[in-house]
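Order of the sequence lines sets the chain letters (A, B, ...), proteins ahead of strands, with each chain counted from 1.
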Protein chains: 2
Amino acid sequence: MGVKGKEGKVGRRVTSKEVAAALGVSPATVSNAYNRPDQLSPLLREKVFEAARELGYAGPDPVARSLRRRRVGAVGVLYSDRLSYAFADPAAVEFFEGVSVATEEAGLGMLLLPGSARGARDPEAVGNAVVDGFVIYCMADDDPLVDVVLERRLPVVLVDHPGVEDVPYVGIDDEGAAAAAAEHLIGLGHRRLGVVSFELTRQMTGGLADLSRPERATFGPSRARLRGYASAIRQAGLPVSEVPVYECAESTREEGRVAAEALLGMESRPTALLCMSDQLAFGVLEAARDLGLSVPGDLSVVGFDDVAEAGRTSPPLTTVHQSHVEKGLLAGRILVARLGEDEPPEAGLLPTRLIERGSTAPPG
Amino acid sequence: MGVKGKEGKVGRRVTSKEVAAALGVSPATVSNAYNRPDQLSPLLREKVFEAARELGYAGPDPVARSLRRRRVGAVGVLYSDRLSYAFADPAAVEFFEGVSVATEEAGLGMLLLPGSARGARDPEAVGNAVVDGFVIYCMADDDPLVDVVLERRLPVVLVDHPGVEDVPYVGIDDEGAAAAAAEHLIGLGHRRLGVVSFELTRQMTGGLADLSRPERATFGPSRARLRGYASAIRQAGLPVSEVPVYECAESTREEGRVAAEALLGMESRPTALLCMSDQLAFGVLEAARDLGLSVPGDLSVVGFDDVAEAGRTSPPLTTVHQSHVEKGLLAGRILVARLGEDEPPEAGLLPTRLIERGSTAPPG
DNA sequence: TCGTTTTACTTAATCGTTTCAGTAATGTAC
DNA sequence: GTACATTACTGAAACGATTAAGTAAAACGA
């Protein structure tokens with residue numbers, strides 16, 4: 001016996017059949033003891049539990065039970081990239097948080113699965129995932145794993161990835177939100193803008209581009225945001241093709257710094273930067289500080305997401321608010337409802353709004 | 001057909017038997033087509049895939065396959081509380097990140113499971129979790145779910161929860177690290193200390209206590225840290241029983257604020273506060289600012305964990321560094337190795353060290 | 001040409017439950 | 001005392017695969 005009577009030997013599997021044999025009853029009875037107490041006498045039920053305890057039977061095997069019941073008790077969450085990347089991104093973490101609330105409400109587990117982006121080891125993990133349904137989050141339009149999931153014919157909810165028939169879609173109006181961010185800067189009087197963007201294509205290496213061909217982006221929200229920035233800029237009569245876009249391989253502070261250094265080192269330095277995420281914007285803020293530029297005096301910065309830390313930077317970040325928690329919660333609730341026979345909440349677009357904090361001001 | 005030929009109807013389950021029947025072959029052959037290509041002719045294999053595509057068979061059912069193979073392809077991560085709480089705690093998120101690296105290396109999924117703390121809906125989720133092994137993270141000593149997991153006799157790794165025989169344990173020297181934090185403050189000349197603590201017992205409601213009876217804490221690391229603080233203070237010849245301890249229900253900024261307000265409102269105000277987590281310390285920093293106290297001029301603050309944001313607050317936080325990512329990675333790797341026949345890396349204590357930043361100084 | 005391998009499948013057992021359809025035994029109604 | 005429920009179990013068929021062992025046919029060596 002271990003401390004407190006616990007011990008953790010990994011042991012031979014004990015089956016219900018063995019428990020039944022030890023007691024001279026049928027396996028059905030053992031099953032009933034665990035699943036339908038009304039089907040046997042309380043006395044026998046106790047005996048079953050006692051025999052189980054003695055033999056080291058911890059209750060019905062979850063896999064066999066799942067097979068028979070055709071229900072696993074877990075949902076899969078498919079993320080575009082390595083999970084270690086997701087965990088480093090506050091927006092993704094907030095999304096997971098929302099999903100977890102829904103799964104916990106339903107007593108379900110949450111199986112996190114990495115997508116097929118760089119460094120994916122084993123796409124089979126998705127096809128083999130033991131789950132009752134999927135939330136597909138943040139996947140590139142052309143990621144083959146989306147099809148792998150759809151082919152399994154399980155209930156699915158898509159997030160930030162519209163356009164698959166018969167699959168509920170949860171997202172935001174990325175284009176409108178991005179346009180609002182750009183309009184804000186233009187309204188303040190900025191004329192020389194720059195964009196700090198997510199990666200546009202799979203093979204990107206990072207670097208400069210311009211705003212003239214947003215359609216090539218393979219990731220839906222990136223495309224929409226680029227379109228939003230472009231349309232607001234065009235609306236204002238500014239030359240879209242002259243707006244520099246720096247493409248970042250990842251949504252991290254480091255990439256944001258690199259982007260800012262590139263953009264702010266240009267001959268005609270932008271007076272304001274539109275960032276596709278708060279993480280990128282945080283990096284921009286750091287870079288600006290290092291370059292001796294004051295924000296918002298010398299440079300205005302707008303983020304996207306409004307993660308918790310956006311209110312705490314100095315200056316606090318002007319950004320597009322969206323609730324990642326709500327997004328995950330809604331996606332999770334829709335999926336959970338589809339797993340049962342419940343009427344799912346309505347899928348659709350969640351609201352966004354521009355939060356004006358301290359990182360934007362008229363150009364100096 | 002949907003857009004791009006995709007569609008997401010949730011459909012009747014198609015079995016290998018049906019595919020076999022459609023082709024007039026045995027189910028074994030269909031299985032071989034997917035699992036052992038060398039067992040059938042390439043031609044027939046192609047035919048199997050074609051028939052599968054036509055019938056909408058997406059490959060072997062993961063549950064049935066898992067039952068037969070006695071292997072699921074996922075590990076469970078059991079967390080003490082609601083997952084939404086874990087996702088709000090950077091330390092837990094960093095830990096998950098580490099685990100995810102290990103699971104991805106092995107091509108495994110990661111099933112997150114909430115523990116039985118307040119608000120737990122369904123303890124059965126743990127007993128029914130379809131996984132090959134468990135990482136038990138951050139559980140209270142008396143949490144019944146630990147036993148539920150151990151009884152399943154699967155490979156398990158315990159984190160921050162020592163003392164179960166035959167189960168590898170990963171952690172840090174909480175007592176020593178806490179002592180180092182207290183010694184740092186004492187060395188600076190502080191004599192009136194206060195502690196901002198995690199919850200000590202399950203039924204706590206938050207509030208003031210003192211350092212004299214650390215043994216009552218039900219959560220191992222809390223107990224050890226309290227002991228560490230106490231021993232350093234005793235060593236310095238200061239009266240341990242006069243050190244106020246504020247017990248926080250959760251490791252959040254808000255609780256940290258509340259704690260700081262209580263502690264700093266006392267008749268003989270502490271000149272330095274020892275916080276059991278960076279999250280709590282962040283709250284303390286906020287409260288100090290609101291109270292018009294300068295840190296470290298009027299108040300020194302020491303955190304615990306060294307999460308990423310600790311380097312970015314103003315002033316940057318002096319704290320005890322531990323690598324949650326490494327902790328998760330090590331725990332994950334040990335578990336993964338135990339699932340196979342590999343020799344697991346050695347379990348044990350990870351290093352910590354005090355990081356002196358700007359939040360501590362001699363008392364004013 | 002005969003015996004031996006090899007190739008290409010099939011048969012049937014098995015993984016560990018759940019559950020439908022019984023069947024005796026006991027209880028209740030009149 | 002007969003008819004009808006109710007209680008307390010059992011038997012056997014799923015659930016959807018994998019796999020060891022077996023078999024017939026084709027290929028091969030000498």
Run the ring pair (Phe, Tyr, Trp, His ring centres under 6.0 Å) test on B/Tyr79 and B/Phe95 for me, step by step, so that the C-alpha distance in whole Å, both residues' side-chain angles and the decisive distance to 0.1 Å come before the verdict.
CA-CA 11 Å; B/Tyr79 179 74; B/Phe95 177 81; 8.9 Å; no
Tell me, with the steps shown, if A/Glu151 and B/Arg53 meet salt bridge (Lys or Arg N to Asp or Glu O under 4.0 Å).
CA-CA 9 Å; A/Glu151 273 157 20; B/Arg53 205 173 317 117; over 6 Å; no
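Side-chain proximity of A/Arg68 to the nucleotides D/dT19, D/dA17, C/dT19 is greatest for C/dT19. Relative to the side chain of A/Leu44, the nucleotides D/dC9, C/dT14, D/dC15 differ in distance, and D/dC9 lies closest. Of all nucleotides listed (D/dC9, C/dT17, C/dT10), C/dT17 comes nearest to the side chain of A/Pro60. Nearest to the side-chain atoms of A/Leu40 among the listed nucleotides C/dT10, D/dC15, D/dC9 stands D/dC9.
The interatomic distance linking B/Tyr34 (OH) with D/dT18 (P) rounds to 10 Å, in whole Å. Between B/Asn32 atom CG and C/dA8 atom P the separation is 12 Å, expressed in whole Å. Straight-line distance from the CZ atom of A/Arg70 to the C1' atom of D/dA14: 10 Å, rounded to whole Å. One atom, CZ of A/Arg69, and another, P of D/dA14, lie 19 Å apart when rounded to the nearest Å. Rounded to whole Å, the distance from CG on A/Leu43 to P on D/dT7 is 17 Å. Across the protein-nucleic acid pair, B/Asp61 atom CG and C/dC15 atom C1' stand 13 Å apart, rounded to whole Å. At whole-Å resolution of the value, CG in B/Asn35 and C1' in D/dA17 are 9 Å apart. The distance between atom CZ of A/Arg36 and atom C1' of D/dT7, rounded to the nearest whole Å, is 14 Å.
Regarding contacts with the backbone of C/dT17, a side-chain N or O of A/Ser16 is found under 4.0 angstrom from either OP1 or OP2. Distances shorter than 4.0 Å separate some side-chain N or O of B/Arg65 from OP1 or OP2 on D/dT18. Phosphate proximity of D/dT10 to A/Ser26: present, with a side-chain N or O under 4.0 Å from OP1 or OP2. Taking 4.0 angstrom as the limit, A/Thr29 places a side-chain polar atom (N or O) nearer than this to OP1 or OP2 of D/dT10. Dashed line: the shortest gap from a side-chain N or O of B/Ser31 to OP1 or OP2 of D/dT18 is under 4.0 Å. Look at B/Ser41 and you'll find a side-chain N or O under 4.0 angstrom from OP1 or OP2 of C/dC9. Distances shown here put every side-chain N or O of B/Arg13 at or beyond 4.0 Å from the OP1 or OP2 atom of D/dC15.
At a threshold of 4.0 angstrom between heavy atoms, the contacts of B/Leu67 include nucleobase atoms, whether or not backbone atoms are also involved. Within 4.0 Å of A/Tyr57, counting heavy atoms only, lie sugar-phosphate atoms of the nucleic acid but no base atom. Residue A/Val25 is in sugar-phosphate contact alone, with no base atom involved, counting any heavy-atom pair closer than 4.0 Å across all strands shown.
If you find the closest nucleotide of DNA chain D to A/Asp38 and to A/Ala28, the one lying nearer the 5' end belongs to A/Asp38. Residue-to-nucleotide proximity on DNA chain C shows that, of A/Gln39 and A/Gly59, the 5′-proximal contact is made by A/Gly59.
Distance check: B/Asn32 CG to B/Asp38 CG gives 8.0 Å after rounding to the nearest 0.5 Å.
Note on A/Arg12 versus A/Glu18: salt bridge recorded, some NZ/NE/NH1/NH2 to OD/OE distance being below 4.0 Å. Using a 4.0 Å cut-off between charged nitrogen and carboxylate oxygen, A/Arg70 and A/Asp132 do not count as a salt-bridge pair.
In this structure, A/Phe87 and A/Phe96 have perpendicular ring planes: the angle between them is above 60°, well past the 30° mark.
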